[in-house]
Chemist: 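Before anything else, here's the structure in question.
Indexing begins at 1, ligand by ligand and atom by atom, following the structure's order. These numbers come from a predicted model, not from an experiment.
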Amino acid sequence: MKFSGFKVVKEALTGHKGWTQLWRSPEPKPAYDIVIVGGGGHGLATAYYLAKVYGELSIAVLEKGWIGSGNAGRNTTIIRSNYLLPGNQPFYEFSMKLWENLEQDTNFNSMVSQRSILNLIHSDGQRDAYRRRGNAMMLSDAGAKLLSRDDVKHMVPFLNFDNARFPIKGGLMQTRAGTARHDGVVWGYARGADQRGVDIIQNCEVTGFKIEDGKVLGVETSRGFIGAKKVGVSVAGSSGRVMEKAGMRLPIESHALQAFVSEGLKPTIPGVITFGAGHFYVSQSDKGGLVFGGDIDGYNSYAQRGNLPVVEDVLEGGMALMPMIGRARLLRAWGGLVDMSMDGSPIIDKTGIEGLYFNGAWNYGGFKATPAAGYTFAHLLATDTPHETATAFRFDRFNRGYVIDEKGVGAQPNLH
Ligand SMILES: Cc1cc2nc3c(=O)[nH]c(=O)nc-3n(C[C@H](O)[C@H](O)[C@H](O)COP(=O)(O)OP(=O)(O)OC[C@H]3O[C@@H](n4cnc5c(N)ncnc54)[C@H](O)[C@@H]3O)c2cc1C
């Protein structure tokens, strides 16, 4: 089934009887060439690009719950490529270019909306840092604009410009950034992968790995053993728990990150806005709700729910930036499990076990990486070499001391 304007009109006129299921629910086969563990955006994108770009024919995605039940369906949907360091920026710009063509590529409406991101500046030192970041963005073709206080005031006059502690002095803007409908991204990749023969197996938890003579032979699951020549693990916040079953201890801590949505309001916020003096970011959904978030919870956890002190902290950030938010009622809040690495940057690499590959450590920001993480992980699985935009995302950077510390805050997950 192909989606098109013509198809929508035809179905409207014929009683909507021609829509088919977006993906099958097959029984697991005894073995596959490649098994992907984790049916989030990254796992499904990996399967999609493995089949589409690298011509792999025997792939399964194993998901312990339903696809998109993890962070892929819980994030605040911000996509951007406004990084500074050479290890990161080309990768995120590659991702942005894939976002720009995603809906045509998958023939699915993932509501990719390039409505811009505005990072606010509150001090002269911060302006210098953002100018430097903007230059790095322009070098990688990502585009950047440095805005004055008046430019920002013209655009979003309702912000608290004269806050005595955090006056707004300008902003760094990327107009190509924005938001995408997170579950629409999952469904688009799932449908595209399924159409290319990938078996998406839900309610199938990986409980162990079969490893002999340093080589992976398959995975133990809640639905029995499934053999595999290669296994790619892409389980985000569950990375520590899953890789432990292969005897690996990762440089990752799992924390809860919370998201919040207000009642629906009239259109107010044009794009994504981030507060530069605290951890608070906000956008407005197409239904009108203000979608916002802030810091991770301050303790390690595998629970997909957050705690009250961070709720208070996030809302204080919101009130400092735009006091009018205090008039809106909070409609919903939830938590997801983020995999925080010790330098705030991701890992896409082989492991010491032959045939076992790992994609994770996405911290606060793996949604925007979904297309490129899928593409580059597929590249690694298919060719055994890192993709040119992901060469820095190796485990051994922690041994060699070549960390990619984008924020310059060291091994402190709460500050990344
Ligand atoms: C509240 C919140 C807000 C965020 N906001 C943003 C944002 O605005 N922009 C941005 O870029 N990023 C954001 N992120 C981060 C982003 O969502 C994640 O980094 C990204 O989604 C991780 O990749 P994924 O989609 O594959 O993860 P997930 O969707 O979590 O996929 C992992 C899957 O693995 C499955 N799994 C776990 N264990 C097993 C097992 N043993 N067997 C089988 N399956 C298993 C899980 O059920 C899950 O479905 C946010 C995260 C949260 C929680």
Chemist: Is the ring pair His387/Tyr375 parallel, tilted or perpendicular, if the boundaries are 30 and 60 degrees?
Modeler: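 The rings of His387 and Tyr375 stand perpendicular, inter-plane angle above 60°.
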Chemist: For Tyr49 and Phe377, I'd like to know if the aromatic rings sit close, meaning centre-to-centre distance below 6.0 Å.
Modeler: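 Distance test on ring centres: not under 6.0 Å, no.
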Chemist: Just which atoms of ligand 1 are under 4.0 Å from any heavy atom in Tyr364?
Modeler: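 What qualifies from ligand 1 is 6 (C), 10 (C), 12 (N), 13 (C), 14 (N), 15 (C), 50 (C).
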Chemist: Can you name the atoms of ligand 1, numbered from 1 with element, that are less than 4.0 Å from a heavy atom of Trp362?
Modeler: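 Listed by number with element, the hits are 19 (O).
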Chemist: Show the atoms of ligand 1 that are less than 4.0 angstrom away from any heavy atom in Val242.
Modeler: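 The list of qualifying atoms is 38 (N), 41 (N).
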Chemist: With atom 19 (O) of ligand 1 as the reference point, say which of Gly38, Gly335, Gly366 has the nearest heavy atom.
Modeler: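 Going through Gly38, Gly335, Gly366 one by one, Gly366 has the nearest heavy atom to atom 19 (O) of ligand 1.
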Chemist: Can you report which non-hydrogen protein atom sits closest to atom 22 (C) of ligand 1, along with the distance?
Modeler: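 For this ligand atom, the closest protein heavy atom is Ala236 CB, 3.8 Å.
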Chemist: Do Arg74 and ligand 1 have an N or O pair less than 3.5 Å apart?
Modeler: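 Checking ligand 1 against Arg74, no N or O pair falls under 3.5 Å apart.
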Chemist: Near Ala72, which atoms of ligand 1 are under 4.0 Å from a heavy atom of that residue?
Modeler: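 Counting from 1, the qualifying ligand atoms are 21 (O), 25 (O), 28 (P), 29 (O).
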Chemist: If you measure every N or O of Trp334 against every N or O of ligand 1, does any of those distances drop under 3.5 Å?
Modeler: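 There is no such contact.
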Chemist: Can you measure from CG (Leu172) to CD (Gln126) and round to the nearest 0.5 angstrom?
Modeler: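 Answer for the CG-CD pair, Leu172 versus Gln126, is 10.0 Å.
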Chemist: Would Ser234 count as a contact of ligand 1 if the rule is a heavy atom under 4.0 Å away?
Modeler: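 Distance cut 4.0 Å: Ser234 passes for ligand 1.
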Chemist: Give yes if a backbone or side-chain nitrogen or oxygen of Cys204 is under 3.5 Å from a nitrogen or oxygen of ligand 1, and no if not.
Modeler: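 No: no nitrogen or oxygen of Cys204 is under 3.5 Å from one in ligand 1.
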Chemist: Which residue supplies the protein heavy atom nearest to atom 36 (N) of ligand 1, what is that atom called, and how far is it?
Modeler: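 In this structure, atom 36 (N) of ligand 1 has Val235 CG1, 3.8 Å as its nearest protein heavy atom.
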Chemist: Under 4.0 Å from ligand 1, counting heavy atoms only, is it the side chain of Ser238, its backbone, both or neither?
Modeler: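 Ser238 to ligand 1: side-chain contact only, backbone stays beyond 4.0 Å.
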Chemist: Return the option from Thr207, Val37, Asn75 holding the heavy atom at the smallest distance from atom 3 (C) of ligand 1.
Modeler: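 Heavy atom nearest to atom 3 (C) of ligand 1 belongs to Asn75.
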Chemist: Are there over 12 heavy-atom neighbours, none belonging to Arg332, within less than 6.0 Å of that residue's CZ?
Modeler: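 12 or below, so no.
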Chemist: Judged by non-hydrogen atoms, does Gly73 sit under 4.0 Å from ligand 1?
Modeler: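 It does not, in that no heavy atom of Gly73 comes within the 4.0 Å cut-off of ligand 1.
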Chemist: Would Trp362 and Phe91 satisfy ring-ring contact (aromatic ring centres under 6.0 Å, His included), going step by step from the backbone distance to the final call?
Modeler: CA-CA 13 Å; Trp362 288 99; Phe91 172 87; 5.7 Å; yes
Chemist: Does the gap between the ring centers of Trp99 and Phe367 come in under 6.0 Å?
Modeler: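 Yes, they do, as the ring centres are separated by less than 6.0 Å.
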Chemist: At under 4.0 Å between heavy atoms, is it the side chain or the backbone of Val186 that contacts ligand 1, or both, or neither?
Modeler: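 Neither part.
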Chemist: What protein heavy atom sits nearest atom 43 (C) of ligand 1, and how far away is it?
Modeler: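 Going by distance alone, atom 43 (C) of ligand 1 is nearest to Lys64 N, 3.3 Å.
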Chemist: Between His379 and Tyr54 (judged by ring centroids, cut-off 6.0 Å), do the two rings come close enough to count as a pair?
Modeler: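 Yes, they do, as the ring centres are separated by less than 6.0 Å.
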Chemist: How close does the nearest protein non-hydrogen atom get to atom 53 (C) of ligand 1, and which residue and atom is it?
Modeler: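 Residue, atom and distance for the closest contact: Gly336 CA, 3.4 Å.
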Chemist: Could you tell me whether Lys368 and ligand 1 have an N or O pair separated by under 3.5 Å?
Modeler: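 Yes - when backbone and side-chain N and O of Lys368 are compared with those of ligand 1, one distance drops under 3.5 Å.
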Chemist: NE2 of His416 to CE of Met340: how many Å apart, nearest 0.5 Å?
Modeler: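 So the NE2 of His416 and the CE of Met340 are separated by 7.0 Å.
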Chemist: Among all protein heavy atoms in this structure, tell me which lies nearest to atom 35 (C) of ligand 1, with the distance rounded to 0.1 Å.
Modeler: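 Its nearest protein heavy-atom neighbour is Glu63 OE1, 3.2 Å.
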Chemist: Under a 4.0 Å N-O cut-off, is there an ion pair linking Lys230 with Asp33?
Modeler: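 Here Lys230 does not pair with Asp33 in a salt bridge, since their nearest N and O are not under 4.0 Å apart.
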Chemist: Quick test of your reading of the model: are Asp343 and Lys407 salt-bridged, counting only N-O distances below 4.0 Å?
Modeler: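 Judged by the 4.0 Å cut-off on N to carboxylate O distance, Asp343 and Lys407 do not form a salt bridge.
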Chemist: Run the ring pair (Phe, Tyr, Trp, His ring centres under 6.0 Å) test against Phe3 and tell me which residues pass, sequence neighbours left out.
Modeler: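 Once residues adjacent in sequence are excluded, the partners of Phe3 under the ring pair (Phe, Tyr, Trp, His ring centres under 6.0 Å) criterion are Trp19, Phe108.
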Chemist: How far is atom 42 (N) of ligand 1 from its nearest protein heavy atom, and which residue and atom is that?
Modeler: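 Ranked first by proximity to atom 42 (N) of ligand 1 is Val206 N, 2.9 Å.
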Chemist: Could you tell me, atom by atom, which parts of ligand 1 come under 4.0 Å of a heavy atom of Ala259?
Modeler: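 Within the 4.0 Å cut-off of Ala259, ligand 1 contributes 1 (C).
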Chemist: Of the protein's non-hydrogen atoms, which lies at the shortest distance from atom 52 (C) of ligand 1, and what is that distance?
Modeler: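 Going by distance alone, atom 52 (C) of ligand 1 is nearest to Leu257 CD2, 3.6 Å.
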Chemist: Would Gly41 count as being in polar contact with ligand 1, using the rule that some N or O on each side must be under 3.5 angstrom apart?
Modeler: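 Between Gly41 and ligand 1, an N or O pair is found under 3.5 Å apart.
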Chemist: Within a radius of less than 6.0 Å around NZ of Lys97, do more than 12 heavy atoms belonging to other residues, nucleotides or ligands occur?
Modeler: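 Yes, the 6.0 Å shell around NZ holds more than 12 heavy atoms from other groups.
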Chemist: Is NZ or CZ of Lys153 both nearer than 6.0 Å to the six-membered ring centre of Phe161 and within 45° of the ring axis?
Modeler: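 Checked: cation-pi criterion met.
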Chemist: Counting only heavy atoms, which portion of Gln258 has something under 4.0 Å from ligand 1: side chain, backbone, both, or neither?
Modeler: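 It is the backbone that touches ligand 1; the side chain stays farther off.
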Chemist: Would you call Lys210-Glu220 a salt bridge at under 4.0 Å N-O?
Modeler: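 Result for this pair is no, no salt bridge flagged.
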Chemist: Before accepting this row, confirm whether a basic side-chain N of the pair Arg181/Asp286 lies closer than 4.0 Å to the acidic partner's carboxylate O.
Modeler: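 Salt bridge flag = no for Asp286 with Arg181.
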Chemist: So which protein heavy atom does atom 28 (P) of ligand 1 come closest to, and at what separation?
Modeler: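 For atom 28 (P) of ligand 1, the nearest protein heavy atom is Asn71 N, 3.4 Å.
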Chemist: Looking at Leu62, which atoms of ligand 1 are within less than 4.0 Å of one of its heavy atoms?
Modeler: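 Checking each atom against Leu62, I get 43 (C), 44 (N).
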Chemist: Could you work out, with ring pair (Phe, Tyr, Trp, His ring centres under 6.0 Å) as the rule, every residue matching Phe275, not counting sequence neighbours?
Modeler: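 Listed in chain order: His122, Phe166.
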Chemist: If I apply the N/O under 3.5 Å rule, does Trp66 come out as touching ligand 1?
Modeler: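 Trp66 vs ligand 1: no N/O contact under 3.5 Å.
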Chemist: Does the N or O separation between His42 and ligand 1 drop below 3.5 Å for any pair?
Modeler: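 There is such a contact, yes.
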Chemist: Does even one non-hydrogen atom of Gly365 get within less than 4.0 Å of ligand 1?
Modeler: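 A heavy atom of Gly365 does come that close to ligand 1.
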Chemist: Supply the atom-to-atom distance Phe393 CZ to Asn88 CG, rounded to the nearest 0.5 angstrom.
Modeler: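 It is 4.5 Å, given to the nearest 0.5 Å.
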